[in-house]
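Taking it in order: structure first as structure tokens, then the write-up.
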Amino acid sequence: MRLATWNVNSIRTRADRVAAFLQREDVDVLALQETKCRDDQFPEMVFSALGYEVAHVGHSQWNGVAILSRVGLEDVTVGFPGMPSWSSKEGLDATPEARALGATCAGVRIWSLYVPNGRTLADPHLQYKLEWLAALRAAGSDWLTETPETPVALVGDWNIAPEDDDVWDMAVFAHSTHVSPPERAAFRAIVEAGYADVVRPYAPGPGVYTYWDYTQLRFPRREGMRIDFVLGSPALAGRVTNALVDREERKGKGASDHAPVVVELAD
DNA sequence: ATGGTGGACCATCCA
């Protein structure tokens with residue numbers, strides 16, 4: 001099975017590009033983040049015409065996650081148990097954001113995840129992000145305990161650069177999110193719970209990134225961040241035979257600011 | 001030499 005994850009930054013703008021990627025990379029299952037649309041706006045027919053089933057959750061122009069699969073799409077779950085909601089200052093808006101979608105594809109449990117952006121170190125969104133990640137760790141631990149034989153893949157945009165080599169210049173991020181000790185600890189806790197980064201062994205840094213800001217000519221200057229990850233349970237990690245970051249997808253007009261990450265699994 | 005983001009959607013928010 002070929003499994004991929006991609007923050008597309010609007011599926012409506014990039015549906016054709018995503019379809020071309022699926023065919024070019026021979027992808028069986030694709031997790032998408034930042035679809036930026038409601039369910040009724042998702043261009044499902046572009047993908048059903050290619051033989052993919054689609055699961056999506058999106059409530060507005062913000063967030064939105066999907067899973068496309070041509071090897072089955074079962075037990076679709078919106079949000080994970082205990083997933084926090086963002087609450088406004090008044091605490092009135094408790095609608096869960098569209099940031100997590102689970103599905104079972106050919107026996108593999110896949111979670112398409114869009115981890116909240118902490119914005120700045122002083123912003124309450126950072127606390128929300130940390131709570132969200134702690135809840136994910138708790139849920140992920142439970143899945144390993146309950147069904148250790150089921151391969152689980154936690155994939156998506158984590159909005160964390162876990163190692164110094166995952167940004168082009170640590171000095172630039174001295175007072176920024178994505179590299180702060182609590183964020184890195186939250187990520188590490190998920191790894192320590194049993195979910196390994198299955199891509200890094202096949203695509204070691206430094207200089208391997210999955211995201212380049214649209215501004216400041218970051219991509220041509222090779223100034224990016226590695227913030228999109230495929231974390232696999234032991235049953236999944238044992239089946240990985242290859243992985244890559246498809247940097248070509250960041251090139252040209254109409255590119256997302258993220259590149260797809262592809263993992264090959266033995267049958 | 002110069003300039004340098006893009007997507008949601010319509011005044012701004014978000015990344």
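In what follows, chains are A, B, ... by sequence order, proteins preceding strands, each numbered from 1. This is a predicted model, so every value here is computed, not measured.
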Using the [atom1] atom on both, measure [N] against [M] and round to a whole Å.
| N | M | atom1 | value |
| --- | --- | --- | --- |
| dG7(B) | dA11(B) | C1' | 15 Å |
| dC14(B) | dC10(B) | C1' | 16 Å |
| dG4(B) | dA8(B) | C1' | 22 Å |
| dA1(B) | dT5(B) | C1' | 22 Å |
| dA15(B) | dC9(B) | C1' | 16 Å |

Protein-nucleotide distance ([X], atom [atom1]; [N], atom [atom2]), rounded to Å:
| X | N | atom1 | atom2 | value |
| --- | --- | --- | --- | --- |
| N159(A) | dA15(B) | CG | C1' | 8 Å |
| W158(A) | dA15(B) | CH2 | P | 18 Å |
| K129(A) | dC14(B) | NZ | C1' | 14 Å |
| N7(A) | dC14(B) | CG | C1' | 12 Å |
| Y211(A) | dG7(B) | OH | P | 13 Å |
| W62(A) | dT12(B) | CH2 | P | 14 Å |
| N63(A) | dC14(B) | CG | P | 10 Å |
| N117(A) | dC13(B) | CG | P | 16 Å |

Item checked: Identity of whatever pairs with dA11(B) - Watson-Crick or G-U, under 3.5 angstrom ->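 Its partner is none (no Watson-Crick or G-U wobble pair with both distances under 3.5 Å).
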
Next item on the list: May I ask which nucleotide in the shown strands pairs with dT2(B), Watson-Crick or G-U wobble, both distances under 3.5 Å?
Entry: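 By the stated definition (distances under 3.5 Å), nothing pairs with dT2(B).
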
Could you pull out the protein-nucleic contacts involving nucleotides 2-5 of chain B (nitrogen or oxygen on both sides, under 3.5 Å)?
{"unit_1": "dT5(B)", "atom_1": "O4'", "unit_2": "Y214(A)", "atom_2": "O", "d": "3.0"}

Notebook entry, point to check: So which one's nearest nucleotide on DNA chain B is more toward 5', I11(A) or D157(A)?
Noted result: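 With D157(A) and I11(A) compared, the 5'-side residue is I11(A).
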
Item checked: Residue mapping more 5' on DNA chain B - nearest nucleotide basis, E34(A) or Q41(A) ->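 Result: Q41(A).
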
Check: More than 12 foreign heavy atoms under 6.0 Å from CZ of R222(A): is that the case here?
Finding: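 Not more than 12 within 6.0 Å, no.
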
So what does [X] touch, heavy atoms closer than 4.0 Å: a base, only the sugar-phosphate, or nothing?
| X | result |
| --- | --- |
| R12(A) | sugar-phosphate |
| Y114(A) | sugar-phosphate |
| R38(A) | nothing |

Item checked: Shortest non-hydrogen contact between V198(A) and G232(A), atoms and distance ->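 For V198(A) and G232(A), the tightest heavy-atom pair comes out as CG1-N, 4.0 Å.
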
Margin query: Ignoring hydrogens, what is the shortest heavy-atom contact between T215(A) and R218(A)? Give both atom names and the distance.
Written below: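 The answer is O-CG, 3.1 Å.
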
Check: Any chance the rings of W62(A) and W86(A) have centres within less than 6.0 Å?
Finding: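 No, the ring of W62(A) stays outside the 6.0 Å limit from the ring of W86(A), centre to centre.
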
Margin query: Here's one to test your reading of the geometry: is the NZ or CZ of R226(A) within 45 degrees of the ring axis of Y209(A) and under 6.0 Å from its centre?
Written below: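 Relative to the ring axis of Y209(A), which defines the angle, R226(A) lies outside at least one limit.
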
Checklist line | Selected nucleotide, minimal atom distance to Q61(A) side chain, candidates dA15(B), dG7(B), dC9(B) | finding: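 Selected nucleotide (nearest to the side chain): dC9(B).
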
Under 3.5 Å: donor-acceptor pair, side chain of [X], backbone of [Y]:
| X | Y | result |
| --- | --- | --- |
| R2(A) | E25(A) | yes |
| N9(A) | D257(A) | no |
| T120(A) | D123(A) | yes |

Check: Does a nitrogen or oxygen in the side chain of T13(A) sit under 4.0 Å from OP1 or OP2 of dG7(B)?
Finding: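 False: T13(A) side-chain N/O out of range (4.0 Å or more) of dG7(B) OP1/OP2.
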
Check: Within the structure, does a side-chain N or O atom of S60(A) lie under 4.0 Å from either OP1 or OP2 of dA8(B)?
Finding: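 Looking at the OP1 and OP2 atoms of dA8(B), neither is under 4.0 Å from any side-chain N or O of S60(A).
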
